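In this text, all values refer to a predicted model and were calculated from it rather than measured experimentally. Note on naming: letters A, B, ... go to the chains in the order of the sequence lines (proteins, then strands), and numbering restarts at 1 for each one.
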Amino acid sequence: MTQDTTGKLVLPGYRRDDVDAHPPLLSPGYKSTVTRAPGQPLVYLPQRLTEITGPLLGEGRLGEFDHDLTRQHDGEPQGQRIIVHGRVLDGDGRPVPHTLVEVWQANAAGRYRHTLDNWPAPLDPNFTGVGRALTDERGRYEFVTVQPGAYPWRNHDNAWRPAHIHFSLFGRAFTQRLVTQMYFPGDPLFFQDPVLNSIRDEQARQRLIARYDHATTRPEWALAYEFDIVLRGRDETPFEDEDDDE
Amino acid sequence: MSERLGVTPAQTVGPYLHIGLRWPDGPYVVPQGTPGAVWIRGQIVDGTGAPVVDALVESWQADPDGRFDHPDDPRGARPSTVPGFRGFGRAETDAQGRYALLTVKPGALPAGAGETEAPHLTLSVFARGLLHRLVTRVYFPDEAGNAEDPVLRGLDPARRDTLLASPAPDGYRFDIRLQGEHETVFFAV
């Protein structure tokens, strides 16, 4: 927060995202959107105090092995060990430091540890599939996990989800809240996946596909992928209030 | 001006969101036993009227003094006078599509240009079939300031009531209808 030349308070505002940056809520290829997407257009909400602030969640939310999904049980999980790392940035390229990153994923066989997942792939007693980390002062995060498997779902004939990891991010303001999915390069299942392809803009869609990162692999131990996440950038707006002259 | 980067697109939380986003203390915006605490309970239904059993609600709000413990509040960050107040809640829906948050009523907020926002919570709704979160607000039925609230005033009067909670024995009820008749007002933030 700063003051402009007239002494008015200047609030951080957050730029609105491009229309095509996110998938349309109604994307009929993904069947569940048909009964769940709102029928009315979204109502424009100016960003005020509630929107430009947000929860700042820190170390208190983290357990010792939350960042390493391969060390949360007595034994090691099955599957190809991978390091997933990257930076959380805003739209101006500024790092978003000390922000909570949450991930969840299927195991190597493509099964989630969830009571509703009854696809008959094996559960792994040594894999929960849940991780948390904070970005550092440069916006960097890192997880160790295993390569998730693809799995069938009943959205359309012979539908398979490409392997993916769910990501949840807070940024520093309510307007920056984002939940997304990270995909793996070269996956042959992209062409038939209506969740990824609900993003109309090809360049925006490509931003969800991680980069294989050989430099970060650990010899005889793990492959590595880099996945940067960009939250919306800031603009500043004057904020006039009766109390400003106090 | 530095080069602008395209934002990362949103994706659905999918049906198994609970494994990743479950916090045992999530529903408690304030600790249990906090004086004046109220439950905000509601059901989420889809366009067919069916309960949405795989959804999650997150809330964010000012404290009862209308303050945020956040550096971008132009009045300065200030820890709440309510011990244990977190401002943030996270509640998943149950097998009937119901969620519950324990909180305290927020205070009114300056909205700029001499306007005042009536007490409100802002909510994000995540679910299978939602490719991006939905944002709505909860207002309280017994607040005189609602009539002057710039957000409520800007809405189609026929839809304004969808943002008003109703009194309940232990707090308030706020149902969320994703689609169809009495569809909740959702915002582009």
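- Heavy-atom distances place no part of Q203(A) under 4.5 Å from chain B, backbone and side chain included.
- Between R4(B) and D90(A) there is no salt bridge, since no side-chain nitrogen of the basic residue lies less than 4.0 Å from a carboxylate oxygen of the acidic one.
- Within residues 151-160 of chain B, the residues that have a heavy atom under 4.5 Å from a heavy atom of chain A are V151(B), L155(B), R159(B), listed by number.
- At a 4.5 Å heavy-atom cutoff, the contact between R232(A) and chain B is made by backbone and side-chain atoms alike.
- Per-residue counts of heavy-atom pairs under 4.5 Å with chain A were compared for Q61(B), E117(B), H120(B); the largest is that of E117(B).
- The backbone N or O of S32(A) lies less than 3.5 Å from no partner atom in the side chain of R128(B), so there is not a single donor-acceptor pair.
- Listed here is the closest heavy atom pair of F174(A) and R133(B): O-NH2, 2.7 Å.
- With a threshold of 4.5 angstrom between heavy atoms, I52(A) approaches chain B through its backbone and through its side chain.
- In this structure, W153(A) and P15(B) have side chains that are not in contact, with every pair of non-hydrogen atoms separated by 4.5 Å or more.
- Interface residue A10(B): backbone and side-chain heavy atoms are both found under 4.5 Å from chain A.
- When L116(A), T180(A), T175(A), D201(A) are compared by the number of non-hydrogen pairs under 4.5 Å with chain B, T180(A) comes out ahead.
- Salt-bridge check for E102(A) with R22(B): failed, with every basic side-chain N at 4.0 Å or more from each acidic carboxylate O.
- Of the two parts of L57(A), only the side chain, counted from C-beta on, holds a non-hydrogen atom closer than 4.5 Å to a non-hydrogen atom of chain B.
- Looking only at side-chain heavy atoms (C-beta outward), L45(A) and R137(B) come within less than 4.5 Å of each other.
- Proximity to chain A is limited to the side chain of L134(B), based on heavy atoms less than 4.5 angstrom apart.
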* **Worked check of side chain to side chain donor-acceptor pair (under 3.5 Å) between Y183(A) and Q11(B)** => CA-CA 11 Å; Y183(A) 298 86; Q11(B) 292 272 268; 2.6 Å; yes
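- Heavy-atom minimum distance, I19(B) versus G129(A): CD1-O, 4.3 Å.
- Listed by sequence position, H166(A), S168(A), F170(A) are the residues of residues 164-171 of chain A in contact with chain B, using a 4.5 angstrom heavy-atom cutoff.
- Both the backbone and the side chain of T50(A) come within contact range of chain B, judged by heavy atoms closer than 4.5 Å.
- Contact tally against chain A (heavy-atom pairs below 4.5 Å) for L21(B), L109(B), L130(B): the top residue is L21(B).
- Heavy atoms of R172(A) lying under 4.5 Å from chain B belong to its backbone as well as its side chain.
- For L231(A), the part sitting under 4.5 Å from any heavy atom of chain B is the backbone (N, CA, C, O) and nothing else.
- Heavy-atom distances place the side chain of Y112(A), and not its backbone, under 4.5 Å from chain B.
- Heavy atoms of other residues, nucleotides or ligands lying less than 6.0 angstrom from CZ of R200(A) number 12 at most.
- For R207(A) and T8(B), the side-chain atoms include no donor-acceptor pair closer than 3.5 Å.
- With a 4.5 Å cut-off on non-hydrogen atoms, V135(B) touches chain A through its side chain but not through its backbone.
- Side-chain contact between V189(B) and Y44(A): absent, with no pair of heavy atoms (C-beta onward) separated by less than 4.5 Å.
- Ranking R61(A), Q47(A), R113(A) against chain B, the residue ahead of the rest is R61(A), based on heavy-atom pairs under 4.5 Å.
- Contact annotation for T128(A): only backbone heavy atoms (N, CA, C, O) come within less than 4.5 Å of a heavy atom of chain B.
- Contact annotation: the side chain of D17(A) never approaches that of P9(B) to less than 4.5 Å [non-hydrogen atoms, C-beta and beyond].
- Residues of residues 175-188 of chain B having a heavy atom under 4.5 Å from any heavy atom of chain A, listed by number: L178(B), Q179(B), E183(B), V185(B), F186(B), F187(B), A188(B).
- Listed options T53(A), L26(A), V130(A), T33(A) were ranked by heavy-atom pairs under 4.5 angstrom with chain B; first place goes to T53(A).
- The greatest number of non-hydrogen atom pairs below 4.5 Å with chain B, out of L196(A), D20(A), T115(A), D117(A), is found for D117(A).
- For the set L121(B), V45(B), D54(B), the count of heavy-atom pairs under 4.5 angstrom toward chain A peaks at D54(B).
- The contact between R177(A) and chain B is made by backbone and side chain atoms together, counting heavy-atom distances below 4.5 Å.
- With a threshold of 4.5 angstrom between heavy atoms, P24(A) approaches chain B through N, CA, C or O but not through any side-chain atom.
- Contact annotation for Q181(A): both backbone and side-chain heavy atoms come within less than 4.5 Å of a heavy atom of chain B.
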* Test L56(A) against H70(B) for side chain to side chain contact (heavy atoms under 4.5 Å, CB included), laying out the working first. => CA-CA 8 Å; L56(A) 301 174; H70(B) 190 283; 3.7 Å; yes
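- The shortest distance between side-chain heavy atoms of P150(B) and R48(A) falls below 4.5 Å.
- Using a 4.5 Å cut-off on side-chain heavy atoms (C-beta onward), W104(A) and H18(B) make no contact.
- At a 4.5 Å heavy-atom cutoff, the contact between D228(A) and chain B is made by backbone atoms alone.
- Interface remark: V43(A) contributes backbone and side-chain atoms alike to the contact with chain B (heavy atom separation under 4.5 Å).
- The stretch residues 81-95 of chain B places R86(B), F88(B), R90(B) near chain A, each with some heavy atom under 4.5 Å from a heavy atom of that chain.
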